[in-house]
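This report refers to the structure that appears directly beneath it.
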There are 2 protein chains.
Amino acid sequence: MENKGNFGNAASTPAARERPTLKTIAFMTGLGVTTVSRALKDAPDIGAETKERVRMVARQLGYQPNRAGVRLRTGKTNVIALVLSIDEEIMGFSSQMVFGISEVLSGTPYHIVITPHSHSKDPMLPVRYILDTGSADGVIISRIEPDDPRVRLLSERGMPFATHGRTDAGLTHPFHDFDNEAFAHQAVEKLVKRGRRRIALLQPPSKLTYYAHIRIGFQTGLHDYGAEEVPLRVNTDAPLADIRDIVEVMMRSANAPDGIVCSAGSAAIAVNAGIEAAGKALGRDLDMVSKQSVPILNWIRPEIITAQEDVRQAGREMAKAVIARIDGVEPELLQSVSQPTWPESGR
Amino acid sequence: MENKGNFGNAASTPAARERPTLKTIAFMTGLGVTTVSRALKDAPDIGAETKERVRMVARQLGYQPNRAGVRLRTGKTNVIALVLSIDEEIMGFSSQMVFGISEVLSGTPYHIVITPHSHSKDPMLPVRYILDTGSADGVIISRIEPDDPRVRLLSERGMPFATHGRTDAGLTHPFHDFDNEAFAHQAVEKLVKRGRRRIALLQPPSKLTYYAHIRIGFQTGLHDYGAEEVPLRVNTDAPLADIRDIVEVMMRSANAPDGIVCSAGSAAIAVNAGIEAAGKALGRDLDMVSKQSVPILNWIRPEIITAQEDVRQAGREMAKAVIARIDGVEPELLQSVSQPTWPESGR
DNA sequence: CATTTCTACTGTATCGTTACAGATTGCATT
DNA sequence: AATGCAATCTGTAACGATACAGTAGAAATG
């Protein structure tokens, strides 16, 4: 089916329309294939004038190295694998991350391959697959746990990677994280400044590292600003309908909170529905603060106080980190934390 | 950097820990490499017992063909490229499509590579890149125009592909589309049944094929059910803030509509904001019908009448279509249109 | 018995690239 | 004149898989 560029047998005279290879350039310049290869990678044992000549011809022909050839010979895939959890997603969370990553990769030979999996299944599967088949030069994973087995495995096997979120078990690796502790702390502050004292927290699942960050920020916030917690027995991973129902029950109860901190944008929509179902109104009976990765909440209820997590930026940071790691940069230098921003929801 | 499996020089005794290749299996079975290769693809000239033996050893070793080897030799990449427009996206539209596609691909040797681009730039660029570098066996594109140059080019070059949306210029190719005409027609019906007669349409940009579908459905709807159009001079691609402002102005004007049909979920959020900014209320002063690809609108306003477009399903359909096309199935047989579903928003 | 035919298997070349071990040339050093 | 030594350039082999053109042996044919 595929038309392979077999031009002639002995002398190999390159035909016109085929995709150019090193051989084509070698033929046109009268040089050897090896010389052309080395010239294009600016090797020290090639003359300056020759390099120039080769580069010109290559550009002229629109030469692009054959990925399969390079990969077979060197093992370099020029692929970054993005492992995505398919069930976490209602909003444009992962799209934004993908676009952030590709912004960075667009200036490089790297391609981005999506490796999806369900986090109800074994989360090690996609990572093991990538390692066993050597199908990528670097990996990006999210939903990080304090002692994440994927992080351990990737480190152990020397596969460059970056994580969206941190670990907490003495593992050193590139990551980008949102400062959830600062977010939760500031969220409490905002609520207390509006006179709220009885605050509920819709937290992430406890197995994820940032559960602890959120908790700490929340609790020091309660302490620092003098407020108390109203327990909420559901987390951001629950189905939206469950969140709404549980919030509704809570809001109807005698000790309903007058403030809610919400750790995820999609969950905030369900929380809001629960509040309204209970006949309460934001801004009047209570206030809500939520993190969001896509600026949508204020379109729904301007009263929601929102902190923005820039996931696109996260994608950019992680892409840069993985590439730097591939290039041998120490992991310690490839860690970043972004601060919540509080766009004035005043409109 | 990469550890290539170079075991011994002459006799090539395979070592233990390396990734198995055909050579490994050949060594273990005592057969030739060619025989093993052919046995694994069930070629007719290999004995039944031999095939069985080879398969067992291969399974035992966890053999997976080296993609670079296959690709270099045969030109088959085992890659499906998904060309995504990075600016169209606020909701989880493309994520859902990606997940639908990967559901289908997970049972195959295909990987999914994301090729993003900005539709303000030349939309041919990513397609040309894929064609020129032969970096995929199949392509999926969206935002289709009636005489889409990408469709022309892909057809011309014999590259298998599927589109999300149809063309309208005598081009025959695999596609999956949502029945936007039916949607718009039914939308008008729903509004008229609620007693609405003066209806505005937030339509897609006119260069996209489904602009015409929406228009036709809308206009026959107006005619069939006896309603009139209130012009709305903005489309779904406009910034949300613009949509809101223009809708607000319209709703404040003397001839404000009493019904709105909206062709995109994210735009509906802005339309809703515009309505509220004008002090009008859904269900009382007017009704709105919107298409959505993620079930989010009813969390925002239960009063919005929503039609669901299952983008995940679209992803599945397109993935199946591309693969079928790669396998030589005629394009005519790979076209599908999905009907709008109207989930009872009554929860 | 010689020849053909079929079955089952195999060696070699090749895809495009790069690592490695030369090869050639000119020029300075002994 | 012989030697050493940079500076440049090049041929060969190999990565893993498969297309192609065989080969060996058994069975069928005349």
Side-chain angles (χ1 to χ4, degrees), chain A residues 1-10 12 14 18-27 29-54 58 61 63-78 109 133-135, chain B residues 1-10 12 14 18-27 29-54 58 61 63-78 109 133-135:
Chain A
M1 269 294 106
E2 177 93 358
N3 198 352
K4 314 305 299 311
N6 181 2
F7 14 83
N9 295 328
S12 277
E18 295 298 341
R19 180 166 173 211
T21 68
L22 291 180
K23 199 148 124 192
T24 319
I25 302 176
F27 176 82
T29 53
L31 294 164
V33 176
T34 302
T35 310
V36 174
S37 171
R38 297 187 56 68
L40 286 174
K41 26 179 62 63
D42 203 24
D45 64 348
I46 305 294
E49 194 202 359
T50 304
K51 283 180 188 170
E52 197 47 48
R53 223 152 50 85
V54 169
L61 290 172
Y63 169 75
Q64 303 221 220
N66 179 301
R67 312 189 110 230
V70 175
R71 179 163 173 179
L72 183 57
R73 180 66 241 245
T74 67
K76 174 128 209 200
T77 63
N78 283 307
T133 61
S135 55
Chain B
M1 266 298 104
E2 177 94 355
N3 197 350
K4 315 303 303 306
N6 181 0
F7 12 84
N9 295 327
S12 277
E18 295 299 339
R19 179 165 174 213
T21 68
L22 289 181
K23 200 148 119 189
T24 319
I25 302 176
F27 176 82
T29 53
L31 296 164
V33 178
T34 302
T35 311
V36 174
S37 172
R38 298 186 56 67
L40 286 175
K41 29 180 59 64
D42 203 24
D45 64 346
I46 305 293
E49 194 201 2
T50 304
K51 283 179 186 169
E52 196 48 48
R53 224 153 49 86
V54 169
L61 290 172
Y63 170 75
Q64 304 222 221
N66 180 301
R67 312 188 112 232
V70 175
R71 180 164 172 177
L72 182 56
R73 182 64 240 248
T74 66
K76 173 126 211 206
T77 63
N78 283 307
T133 61
S135 56

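From a predicted model like this one, the values you see are computed outputs, not experimental measurements. In the text below, chain A, chain B and the rest are named by the order of the sequence lines, each starting its count at 1.
Within the 4.0 Å cut-off from OP1 or OP2 of dT18(D), not a single side-chain nitrogen or oxygen of Thr74(B) is found. Between Tyr63(B) and dG16(D), a side-chain N or O to OP1/OP2 separation shorter than 4.0 Å is absent.
Between the side chain of Arg67(A) and the main chain of Pro109(A), a donor-acceptor pair closer than 3.5 Å is present.
Distance from the side chain of Asn66(A) is smallest to dG16(C) among dC15(D), dG16(C), dA19(D). Proximity note for Thr35(A) (side chain, C-beta onward) versus dA17(D), dT10(D), dC15(D): the nearest is dT10(D). Set against dC9(D), dC20(D), dA17(D), the side chain of Thr50(A) has dC9(D) as its closest nucleotide. Ranking dC20(D), dT17(C), dA17(D) by closeness to the Thr34(B) side chain, first place goes to dC20(D).
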* Asked: Could you walk me through whether Thr24(A) and Glu18(A) pass the side chain to side chain contact (heavy atoms under 4.5 Å, CB included) check?
  -> CA-CA 9 Å; Thr24(A) 319; Glu18(A) 295 298 341; over 6 Å; no
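Using a 4.0 Å heavy-atom cutoff across all strands shown, Gly69(A) reaches at least one base atom of the nucleic acid.
Under the side chain to side chain donor-acceptor pair (under 3.5 Å) criterion, Ser135(A) pairs with Thr133(A), not counting sequence neighbours. With sequence neighbours excluded, no residue satisfies side chain to side chain donor-acceptor pair (under 3.5 Å) with Thr35(B).
Interatomic distance, Asn66(A) CG to Leu72(B) CG, rounded to the nearest 0.5 Å: 6.0 Å.
Residue Arg73(A) places a side-chain atom within donor-acceptor reach of the base of dT18(C), judged by atom type and a 3.5 Å distance cut-off alone.
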Which donor-acceptor pairs under 3.5 Å do the side chains of residues 36-44 of chain A make with protein atoms, sequence neighbours left out?
| unit_1 | atom_1 | unit_2 | atom_2 | d |
| --- | --- | --- | --- | --- |
| Arg38(A) | NE | Asp45(A) | OD1 | 3.2 |
| Arg38(A) | NE | Asp45(A) | OD2 | 3.4 |
| Arg38(A) | NH2 | Asp45(A) | OD1 | 3.2 |
| Asp42(A) | OD1 | Lys51(A) | NZ | 3.0 |

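Overall bending of the helix from dC1(C)-dG30(D) to dT30(C)-dA1(D), expressed as the angle between end axes built from five pairs apiece, is 70° (10° steps).
You'll find the side chain of Thr21(B) stays beyond 4.5 Å of the side chain of Arg19(B), heavy atoms only.
Near-neighbour residues of DNA chain D inside residues 39-46 of chain A, defined by a heavy atom below 4.0 Å, number-ordered: Asp45(A), Ile46(A).
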